[in-house]
Amino acid sequence: LTILVTACTPKQPAGPSAEEVQASAVALAFTISAATMNAIPSATLPPPTDAATVTPLASPTTFVFPTLPQLTTATPTKISGSGCETAILNLGAGGPKTFLLIKNLTAGSLTFSLYLTENDFACGWVPGVSFIAAHDSVGVTVPNGCYYPSAYVNDPKKQRAHSGPSWCIHGGDKIEIRVDYTNITWVFP
């Protein structure tokens, strides 16, 4: 009976050959690749990436910033337009003055600058405030006018760079400029 059933059963077609399986796999790979390439929009720009940031090297602890000379010659006439951007402010210039206390509220030293825009008596960079130790303050008496501060926090764990806001001071009050890890703040009495 078994021989009879086997003889009457139609033969199964043979499976695909190795060459046919390989050709099918290659064709499928090319089809998937083409479908992927067609799905990428060509007119759309790639999404923006984060801007590269430069991490400044920590300042060596043995470096000492040079002390700028104090200029004492009064200038009673208006400064003419050019040269203010690179000039050292004459702290002895005429006109009313205000005391500024610059406070470093961070655990790192500050590289600090303060710029006075041109007024009737003076303009330029305030000398003597370029380096402020951690948790320290520096006081300076400056001519009244509009100032723009900037600071770099030299804390290896939390390096930060801040600039502004600019502020115009008029009067003899003691004003503080506080620098912390988030910003520069002007504090008036």
Side-chain angles (χ1 to χ4, degrees), residues 50-189:
D50 290 336
T53 57
V54 176
T55 304
L57 299 174
S59 296
T61 57
T62 58
F63 183 77
V64 178
F65 285 90
T67 303
L68 299 171
Q70 293 283 32
L71 302 175
T72 56
T73 308
T75 309
T77 58
K78 184 173 175 82
I79 304 292
S80 60
S82 65
C84 288
E85 297 81 21
T86 58
I88 302 298
L89 176 64
N90 178 357
L91 294 177
K97 309 251 189 301
T98 298
F99 182 78
L100 290 178
L101 182 65
I102 300 136
K103 291 180 126 180
N104 179 1
L105 303 177
T106 70
S109 63
L110 286 183
T111 302
F112 187 84
S113 65
L114 188 61
Y115 178 76
L116 170 64
T117 58
E118 183 178 348
N119 66 21
D120 289 338
F121 301 100
C123 64
W125 299 96
V126 175
V129 297
S130 60
F131 179 81
I132 303 171
H135 301 293
D136 201 4
S137 326
V138 171
V140 63
T141 300
V142 296
N144 287 351
C146 298
Y147 287 88
Y148 187 81
S150 61
Y152 179 77
V153 179
N154 298 306
D155 183 344
K157 295 179 182 177
K158 291 184 178 181
Q159 294 178 345
R160 302 283 190 271
H162 305 301
S163 60
S166 68
W167 205 271
C168 297
I169 53 176
H170 306 285
D173 290 332
K174 178 181 170 184
I175 299 170
E176 290 183 6
I177 300 175
R178 296 178 183 169
V179 181
D180 59 27
Y181 288 107
T182 58
N183 59 15
I184 297 173
T185 308
W186 291 79
V187 179
F188 296 86

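The first residue of the sequence shown is numbered 1, and numbering continues consecutively from there.
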Measure the shortest side-chain to side-chain distance between [X] and [Y] over non-hydrogen atoms and say whether it is less than 4.5 angstrom.
X: K158; Y: V153; result: no
X: F188; Y: I169; result: yes
X: L114; Y: L100; result: yes
X: V142; Y: L116; result: no
X: I177; Y: W167; result: no
X: L110; Y: V179; result: yes
X: Y147; Y: L89; result: yes

Considering all heavy atoms, the nearest [X]-[Y] contact:
X: K97; Y: L91; answer: CE-O, 3.2 Å
X: F112; Y: A151; answer: CD1-CB, 3.8 Å
X: H135; Y: A107; answer: NE2-CA, 3.6 Å

Is a side-chain N or O of [X] found less than 3.5 angstrom from the main chain of [Y], in a donor-acceptor match?
X: W186; Y: P165; value: yes
X: H162; Y: D180; value: yes
X: N104; Y: D136; value: no

Test of understanding: with side-chain hydrogen bond (donor to acceptor under 3.5 Å, both in side chains), list the residues that count as partners of S166, not counting sequence neighbours.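 Testing S166 for side-chain hydrogen bond (donor to acceptor under 3.5 Å, both in side chains), a comparison that skips the adjacent residues, returns none.
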Check against side-chain contact (heavy atoms from CB on, under 4.5 Å), V129 and V140: CA-CA 8 Å; V129 297; V140 63; 3.9 Å; yes
Within residues 146-189 or reaching into it, pairs that qualify as disulfide (SG to SG under 2.5 Å) - sequence neighbours excluded: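 Residue pairs passing disulfide (SG to SG under 2.5 Å), neighbours aside: C146-C168.
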Spatial distance of atom [atom1] ([X]) from atom [atom2] ([Y]) [nearest 0.5 Å]:
X: I102; Y: E176; atom1: CD1; atom2: CD; result: 10.5 Å
X: D120; Y: N144; atom1: CG; atom2: CG; result: 11.5 Å
X: T106; Y: R178; atom1: OG1; atom2: CZ; result: 14.0 Å

Any side-chain donor near an acceptor of the partner, S163 and Y148, under 3.5 Å: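 A donor-acceptor contact under 3.5 Å links the two side chains.
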